[in-house]
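Worksheet: one structure, shown below.
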Amino acid sequence: MLTALAVLSGGLTAGAADAAANGASGTALAPAISCPAVENRVGQVPDRAQAEVERNLQQLETQIAEANRRLATSAGQGGPNFVQNAILGPLRDKRAAALQRIQIAFQRAGAQAPNGLNGLATCTVQDDGTGNDDGTGQDDPTGNDNGGQDNGGQDDGTGNNDGTGNNDGTGNNDGTGQDNGGQGDGTGNDDGTGQDNGGQDDPTGNDNGGQDNGGQDDGTGNDDGAQDNGGQGNDDGQGNDGQPDGGQTGAVGQINCPTVAGRLGQIPARAQAEVRRNMQLLETQIAEANRRLDSSASQGGANFVQNAILGPLKNKREATLERIAIAFQRAGAQAPAGLQTLATCERRNPGGGNNNGGNNGGNGGNGGQARGPVAADFVDIRSVRPNVNTPRSQGNGSRGTFSVDCGRNEQRIFNSDNVIVAPGVSNGAQHTHDYVGNESTNNQSTNESLLAAGTTCRNGDKSTHYWPVLRALGQREFDANRRGGGLDLNVGKILTPAQVQITFKGNPTSKVVAAPQFLRIITGNARVGGADPNAGWTCTGFENRELTDKYPLCPRGSRVVRVFNFQSCWDGQNIDSANHRTHVTFPQADGSCPQGFQAIPALEHRLVYNVPQGPNYAVDGFPEELHKPITDHSDFISLMNEEQMQQVVDCINSGRRCR
């Protein structure tokens, strides 16, 4: 049976049990977090949902244990509402996200989700009668959060909580967006302005009254002993790699960090100045880390780079990313999802591989894939059982299809931007996209510029369709030394699809309504463990079986197929949302749209490729995602005018097949 949530008699958790066990006989118990039991409300778990449900039950247990540690270590601190704001409120948000994930696991397995799970999110503090229940929001000394990403109830599996008001070990945040007593990054008294108590602390090294003491301050008050010297960084913290200055020669390499700007979305006006300042700090931190890397070549032991450069850089970035999240919260907005997952950087060797102070990262060099995929990422499609199930169309269903011929990107329109996720940011995707349809799509595109552009679609539809390129490994491409390509570990010959099929389909339970012009939809998730992964990998002749987390190895005469089915249930109001997901959703198991959503023409991208035999191809992705097939995704912006969209709707609802 699944791992039980640790709930003791009276609803007390394991933390309360520890408190009871440690107390002397006749002594009142210390305060402890008490949460409703979940496992006994789950019922029979479908086989396909077992692993996901068990993982989230374990996360619920971990969340309570960590909340109890915070409660125990912060007794007497904070104001009268501190426990509620800094511990119970964030814990409720985390639990709500985990409970939502359990429900989604049932639904994905085609089963009815358990009733009433959302009502189990709220926990309380069981007091010992002394009134000592005020606690603090201070994180436990390990800096570990809840083991799950909270993104409006969605989890990206990265282990970082981004918007709950809980700090990640970088400061004392009270869960309300206000810094508690001016504590910012846990490294000094940083109030989010960069001023340190007792010196100027810009989290980049001018600490202790501006004295560096022979090295760079790591943002924690501890100097790492490394020397600052020369060089320029390879990333400006805004998705724009800087100009290498000596970092591409010799054996030093460069520091590579995940892009941040592309994860911020719409920045509230009140937060823009603070966010801009911290984005600049991220840029400065990377540049200084690169200078250290250059000046300290051949110094220290095998772990020198990790201990003296990458570790301190991670600490600084965590503090800076936390201040960005707080800036959003102070402006009354949801903090961007997953920022703390972007704190870890790596050393990239000039040959294309990665070396984190002795931890090797791949093959590298000569056009080979720098990091991933690995042999375990591939599977023979013939060993996969048929698993594609299409809901049966009902009496009121819409059976028609409307196909659009937009070519195969024969014009080789490429860039590494993403105008939906990172508008205005050059190289916001850190991987190269194929584009068909609108010929002008880039990070600077607006609705107006897209409408004014040309299109590759034969019917004049100016909609934009784009997805990460697929590459044949071991061959050199034009972007081998460019951002989005080799500089972001995307290496190999870009394969032009043999076929690109763009089709709009109906809904098995209802007629479809017109989708609005400028509607934006992203299907799949570019992050391993992200919400709604929707990659479909298969082979021609075997399309009754699909993979999401493996690349298919096709027999001779069969070709690789990528299938992207887009969300086809729309909220009826919004053309986009903060996370680019909640304004649309997927149909339920029977094909119907959830309450509050209506069916729109269901877009499918089907891409067919001739690939080299064997495990010798990979999809582009963020450099830290190791080219995992589950990160495949596709993007769509509808530019159809009212007349064009109505043609699509009429065709589908009347059951015709139109082109």
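What's counted below: heavy atoms across the whole structure, side chains too, no hydrogens, waters or symmetry copies.
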Problem set entry | Backbone N/O of R476 and side chain of K493: donor-acceptor pair under 3.5 Å | no
Problem set entry | Under 3.5 Å: donor-acceptor pair, side chain of T456, backbone of C406 | yes
Problem set entry | S638 and R520 side chains, donor-acceptor separation under 3.5 Å | no
Exercise. Does any N or O in the side chain of S577 come within less than 3.5 Å of the main-chain N or O of T582, such that one atom is a donor and the other an acceptor?
Worked result: yes
Problem set entry | Flag for D488-N427: side-chain donor and acceptor within less than 3.5 Å | yes
For this session: Run the salt-bridge test on D632 and R562 with the 4.0 Å N-O cut-off and return the result as yes or no.
Result: yes
Exercise. Considering only heavy atoms from C-beta outward, does the side chain of S403 approach that of R659 to under 4.5 Å?
Worked result: yes
Problem set entry | Verdict with reasoning, T401 to I652, per side-chain contact (heavy atoms from CB on, under 4.5 Å) | CA-CA 5 Å; T401 63; I652 291 173; 5.8 Å; no
Exercise. Regarding S592 and T509, is there a side-chain donor-to-acceptor distance under 3.5 Å anywhere?
Worked result: no
Exercise. Just wondering, are more than 12 heavy atoms of other shown residues or ligands nearer than 6.0 Å to CZ in R412?
Worked result: yes
Problem set entry | Check: L519 and I600 side chains under 4.5 Å, non-hydrogen atoms | yes
Exercise. Using 4.0 Å as the upper bound for N to carboxylate O, is an ion pair formed by E439 and K462?
Worked result: no
Exercise. Which distance, rounded to the nearest 0.5 Å, do you find between the CD of Q644 and the OG of S463?
Worked result: 7.5 Å
For this session: Quick one: pull up CG in N56 and CD in Q103 and give me the separation to the nearest 0.5 Å.
Result: 11.0 Å
Exercise. With distance as the sole test, does E625 use its side chain to make a donor-acceptor pair with the main-chain N or O of V528 at under 3.5 Å?
Worked result: yes
Exercise. Is the shortest distance from a Lys or Arg side-chain nitrogen in E477 or R482 to a carboxylate oxygen in the other one below 4.0 Å?
Worked result: no
Exercise. Are any of the side-chain heavy atoms of L495 and V469 separated by less than 4.5 Å?
Worked result: no
Exercise. Nearest heavy-atom pair of A422 and N443: which atoms, and what distance?
Worked result: O-CB, 4.2 Å
Exercise. Hey, is R408 close enough to E410 for a salt bridge, meaning N to O under 4.0 Å?
Worked result: yes
Exercise. Taking the six-membered ring for Trp, are H431 and H633 ring centroids under 6.0 Å apart?
Worked result: yes
Exercise. Is the backbone N or O of I420 less than 3.5 Å from a side-chain atom of N418, with the two atoms forming a donor-acceptor pair by type?
Worked result: yes
For this session: Verify the neighbour count for atom CD of E643: are there more than 12 heavy atoms of other residues, nucleotides or ligands below 6.0 Å?
Result: no
For this session: Measure from the side-chain N and O atoms of N490 to the backbone N and O of D620, and report whether any donor-acceptor pair falls under 3.5 Å.
Result: no
For this session: Determine, for R108 against D532, whether the closest basic-nitrogen to carboxylate-oxygen distance falls under 4.0 angstrom.
Result: yes
Exercise. What are the two closest non-hydrogen atoms of R483 and S426, and how far apart are they?
Worked result: NH2-OG, 3.0 Å
Exercise. Which residue pairs satisfy the disulfide (SG to SG under 2.5 Å) criterion with at least one member in residues 600-659, sequence neighbours excluded?
Worked result: C651-C658
For this session: Check whether the side chains of N442 and Y435 place a donor and an acceptor atom closer than 3.5 Å, and report yes or no.
Result: no
For this session: Kindly determine whether F566 and F586 satisfy side-chain contact (heavy atoms from CB on, under 4.5 Å), including the steps that lead there.
Result: CA-CA 8 Å; F566 283 73; F586 293 100; over 6 Å; no
Exercise. Are R55 and E52 close enough for a salt bridge, meaning some N to O gap below 4.0 Å?
Worked result: yes
For this session: Could you grab the distance from atom CG of N438 to atom CG of L450, nearest 0.5 Å is fine?
Result: 4.5 Å
For this session: With the side chain counted from C-beta on, respond yes when N415 and T432 share a heavy-atom pair under 4.5 Å apart, and no when they do not.
Result: no
Exercise. Less than 6.0 Å separating the ring centroids of H605 and F636?
Worked result: no
Problem set entry | R399 (side chain) donor-acceptor with R656 (main chain) under 3.5 angstrom | no
Problem set entry | K505 atom NZ: more than 12 heavy-atom contacts under 6.0 Å | no
Seminar exercise, completed: Heavy-atom nearest pair, T538 first then C554, reads O-SG, 4.3 Å
For this session: Locate the shortest heavy-atom distance separating P552 from V560; write the atom from each residue and the value.
Result: O-CG2, 4.1 Å
Exercise. With no hydrogens and no angle check, is any side-chain donor or acceptor of S449 less than 3.5 Å from a backbone partner on S445?
Worked result: no
Problem set entry | Trace of the side-chain contact (heavy atoms from CB on, under 4.5 Å) decision for N565 with V563 | CA-CA 6 Å; N565 288 302; V563 181; 3.8 Å; yes
For this session: Please say whether more than 12 non-hydrogen atoms of neighbouring residues, nucleotides or ligands are located less than 6.0 Å from CG in D47.
Result: no
Problem set entry | H465 side, atom NE2; N409 side, atom CG - distance, nearest 0.5 Å | 12.5 Å
For this session: Kindly indicate, with the supporting measurements, whether the criterion side-chain contact (heavy atoms from CB on, under 4.5 Å) is fulfilled by Q499 and L607.
Result: CA-CA 6 Å; Q499 295 178 17; L607 317 176; over 6 Å; no
Seminar exercise, completed: Value for SG (C539) from CG (D380), rounded to nearest 0.5 Å, stands at 8.0 Å
For this session: Answer yes or no: is there a side-chain heavy-atom contact under 4.5 Å between V384 and W537?
Result: no
Exercise. Do I104 and F106 come close enough that some side-chain heavy atom pair is under 4.5 Å?
Worked result: no
Problem set entry | Student check: side-chain heavy atoms of L321 and V260 closer than 4.5 Å | yes
Problem set entry | Atom of S568, atom of A602 and distance for their closest heavy-atom approach | CB-CB, 3.5 Å
For this session: Output yes when D479 and R471 qualify as a salt bridge under the 4.0 Å nitrogen-oxygen rule, no when they do not.
Result: yes
For this session: Mind telling me whether Y617 and Y551 have parallel, tilted or perpendicular rings, with 30° and 60° as the class edges?
Result: perpendicular
Problem set entry | Between CG on residue D635 and OH on residue Y466, distance to nearest 0.5 Å | 4.0 Å
Problem set entry | Between N387 and R545, a side-chain donor and acceptor under 3.5 Å | no
For this session: State which residues pass ring-ring contact (aromatic ring centres under 6.0 Å, His included) with F597; sequence neighbours excluded, sorted by chain then number.
Result: none
For this session: Return yes if some donor-acceptor pair links the side-chain N/O of N525 with the main-chain N/O of A531 below 3.5 Å, else return no.
Result: yes
For this session: Determine whether more than 12 heavy atoms belonging to other residues, nucleotides or ligands lie under 6.0 Å from atom NZ of K550.
Result: yes
Exercise. Counting distance only, does the side-chain N/O of S398 pair as donor-acceptor with the main-chain N or O of S510 below 3.5 Å?
Worked result: yes
Exercise. Which atom pair, heavy atoms only, marks the closest approach of P615 to L553?
Worked result: N-CD2, 3.8 Å
Exercise. Can Q613 and R556 be counted as having a side-chain donor-acceptor contact under 3.5 angstrom?
Worked result: no
Problem set entry | Within-4.5 Å side-chain heavy-atom neighbours: P629 and F378 | no
For this session: Go through the side-chain N and O atoms of N534 and T523 and say whether any donor and acceptor fall under 3.5 Å apart.
Result: yes
